[in-house]
Each structure stands twice: as structure tokens, then as C-alpha cells.
Amino acid sequence: MKYGALEAGGTKMVCAIGTEQGKILDRISLPTETPEKTLPSIIDYFKGAGISALGIACFGPVDLDRQSPSYGCITTTPKLAWRNCNIVKILGEALQVPVGFDTDVNGSMLGEATWGCAQGLDTAIYITIGTGVGVGVLANGKLLHGMLHPEGGHILLSRHPEDTYAGKCPYHANCLEGMAAGPAIEARWGKKAWELADCPQVWELESYYIAQALANYILILSPQKIILGGGVMHQEQLMPLIRKKTLDLLNGYVDAKQLQDPEHYIVLPSLDDNQGILGAVKLAMNAEAES
Ligand code: ADP
Ligand code: ZN
């Protein structure tokens, strides 16, 4: 059986054909332009490929409520051309296959839970720290949606006493994304994030904010594993700082065996950057099973 997978991002659309064993048979990447330009190219790629379902792991916010008239839409995105685009309806009608749909980060979470380092776990989180910050949540074996879907990138944090940077988020003065996503690092320090690799104070501050977020996620969701992806996590010095500061903040209060082995608890993604597209394959498999 072949499944279509679409990892829909703000800058590129990765389209792939995968199998139920988690093997990617083929893939292409298209720039994210307007729906009028980009969706026909996506349809062309999948048409005739013999897929039995399509999974879409999509940038957001998105409407995941199947009872809602706008189910399948990208909603209040700052990418105005995509606002209110019903990507599920358009691709489903064009390809005539069942469509599975979720956020990009829930997709990555699902990829890791199905074929990666979160296999066998029922509660885990996947966080991406890149152009923005997003959090995918697997809770009791299901991807968490709730009233909309979690927006864990925008949780509010305590400002570091010496940090004078105003924050990059237009909605919140001191949320995780506004203080710690790639663009915030670059605006605070005036250089590209990777050009700051040799500046320890940058990564001390970065880990100060990320650790606060992780401590909060641990206290609220009790994840059995925390996976940290996204471009900013390419900085190898970050992970040890994040692990240490997270444990320091919890201060011994959470008495779980996982926290005694932080190297296996707070981890990088395990699927060679295929976690998102593989999650989309699994979304397609689920959609087919439900159809
Ligand atoms: P996106 O979030 O757009 O899908 P990425 O996860 O690659 O893409 O995130 C891009 C952001 O990550 C940029 O803002 C950039 O500053 C940051 N970034 C990319 N590579 C690195 C790196 N090697 N070190 C630190 N930051 C990086
Ligand atoms: Zn915010």
C-alpha cells in the first residue's frame, strides 16, 4: 500500500510517497507560494501515484475540529495568502482519497511515536525551535487537540533579569517563541543564530528560557519523553544546558525515574529529519483505517 504525505511548511512543502513500514519511496520539495500556485503542483505530484490516502502535517493555526464548518482550514496564519485555505477539502476532492490532517508538530510527534524514539510511549511531546516554536502533544496515546490545538510555543515565561530584549511575538511580551525562536535570537544579538555559536552567553540565555518551558510542560503533561527539534537545536552546546537547567528548576519535586537519566529523557529527534514526513504517512494510514 502506498500513502501520500505532505509536510506543509511556511517556506516549503515536502511531498512524499511512503509505505506502512515507514519507508519513504519518493519525495519532492516545493516552495510555499500562494495556494493558487502551490496546490496544483502538489496535486500533480500525487495524482496517478496510486496512493490510498493522504496525510497532511500542516503549519498553523489550523482547524482540526471535524464538526466545524471550517475543518481542514489554515486559519489565522500571518501568511495571508493561506488564510482560510481549506487544504484538506481541496486536496481531498482533487485526489479522491481519505485525508488525515494535523499540525506540523503533532505530525512530528506522531512520526517519532510510530517509528522513532517515542515508540511504545503513551504521553510525550515534540517541540520545534526554529522560525517559530511549536509543541506537539501525544497524551494517553492520542494527539492532543482540545478546543483548537495546543499552542505551547506561546507560554509565558519569566524574563531573565539581565535580558533587555523586548521580545519578537506581536501578541505577548515574554512568551517562549518571542524570547527564544531563531528570529528572537537574531534580533536580540544582531547576528544569525549560527554565527553566535561561540558566544556562551547566548546559549545560557536560550537554555534559561527553554528550560522554563520544559519544566512547565513536565509539570502539566507529565511526558514520558521530550523531543526537541528545529534549526536552533543544531547548536550542540544547548542540550546539556537545557537538561541541567530543567532539572534545577524542578528542584527534585518530580520524583520520576526518567529524570534520573536526562540524556534519554530530553532528546533530539531520532528520524534524520524525517519525523514530520513520516508522521504525515501515519496520518494517511490512520485516515484510511477510519474511512
Ligand atoms: P522552520 O522553523 O522555518 O521550519 P528551522 O527549524 O530550520 O525552519 O528553523 C529556522 C531557524 O532556525 C532560523 O531562524 C535560524 O536562525 C535557526 N537556525 C537554523 N540553523 C541553525 C543553527 N545551525 N544554529 C542555530 N540556529 C539555527
Ligand atoms: Zn507569543
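Both counts, for ligands and for their atoms, begin at 1 and track the order of listing. Note that the numbering runs from 1 along the sequence shown for the chain. Hydrogens, waters and symmetry mates play no part in the numbers below; they use all other heavy atoms, side chains included.
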Query raised in the report: Can you find a heavy atom in the side chain of I74 that is under 4.5 Å from one in the side chain of F59?
Result: yes
Requested in this report: Give a yes or no on this: more than 12 heavy atoms of other residues, nucleotides or ligands lie within 6.0 Å of atom CD of E236.
Outcome: no
Query raised in the report: Which of the atoms in ligand 1, numbered in the order shown and given with their element, are less than 4.0 Å from a heavy-atom of G230?
Result: 6 (O)
Report summary line: heavy-atom search around atom 9 (O) of ligand 1 in the protein gives G130 CA, 3.1 Å
Query raised in the report: Of all the non-hydrogen atoms in the protein, which one sits nearest to atom 24 (N) of ligand 1, and at what distance?
Result: Q235 NE2, 2.8 Å
Query raised in the report: Which residue supplies the protein heavy atom nearest to atom 27 (C) of ligand 1, what is that atom called, and how far is it?
Result: G231 O, 3.3 Å
Query raised in the report: Among E186, H234, E7, K192, which residue places a heavy atom closest to atom 15 (C) of ligand 1?
Result: E186
Report task. Mark yes when over 12 heavy atoms from residues, nucleotides or ligands other than E263 sit less than 6.0 Å from its CD; otherwise mark no. Result -> yes
Report task. Would you check if there is a donor-acceptor pair between the side chains of H149 and D102 at a distance under 3.5 Å? Result -> no
Report summary line: So the atoms of ligand 1 within less than 4.0 Å of a heavy atom of P183 turn out to be 14 (O)
Query raised in the report: So which protein heavy atom does atom 14 (O) of ligand 1 come closest to, and at what separation?
Result: G182 CA, 3.4 Å
Query raised in the report: Under 3.5 Å, is there a donor-acceptor pair between the D163 and Y208 side chains?
Result: no
Query raised in the report: Between Y3 and E288, is any side-chain donor less than 3.5 angstrom from a side-chain acceptor?
Result: yes
**Report entry** 4.5 Å side-chain heavy-atom contact, E7 and I56
**Finding:** no
**Report entry** Shortest protein heavy-atom distance from atom 26 (N) of ligand 1, along with the residue and atom involved
**Finding:** A193 CB, 3.3 Å
Query raised in the report: Under a heavy-atom criterion of less than 4.0 Å, does G9 contact ligand 1?
Result: no
Query raised in the report: Quick one: do the D63 and T75 side chains pair a donor with an acceptor below 3.5 Å?
Result: no
Query - Angle subtended at the Zn ion (ligand 2) by C169 SG and H154 ND1, rounded to 10 degrees - result: 110°
Report task. Please work out the angle at the Zn ion (ligand 2) defined by atom ND1 of H172 on one side and atom SG of C175 on the other, rounded to 10°. Result -> 120°
**Report entry** Top protein contact for atom 4 (O) of ligand 1, by heavy-atom distance
**Finding:** T131 OG1, 4.8 Å
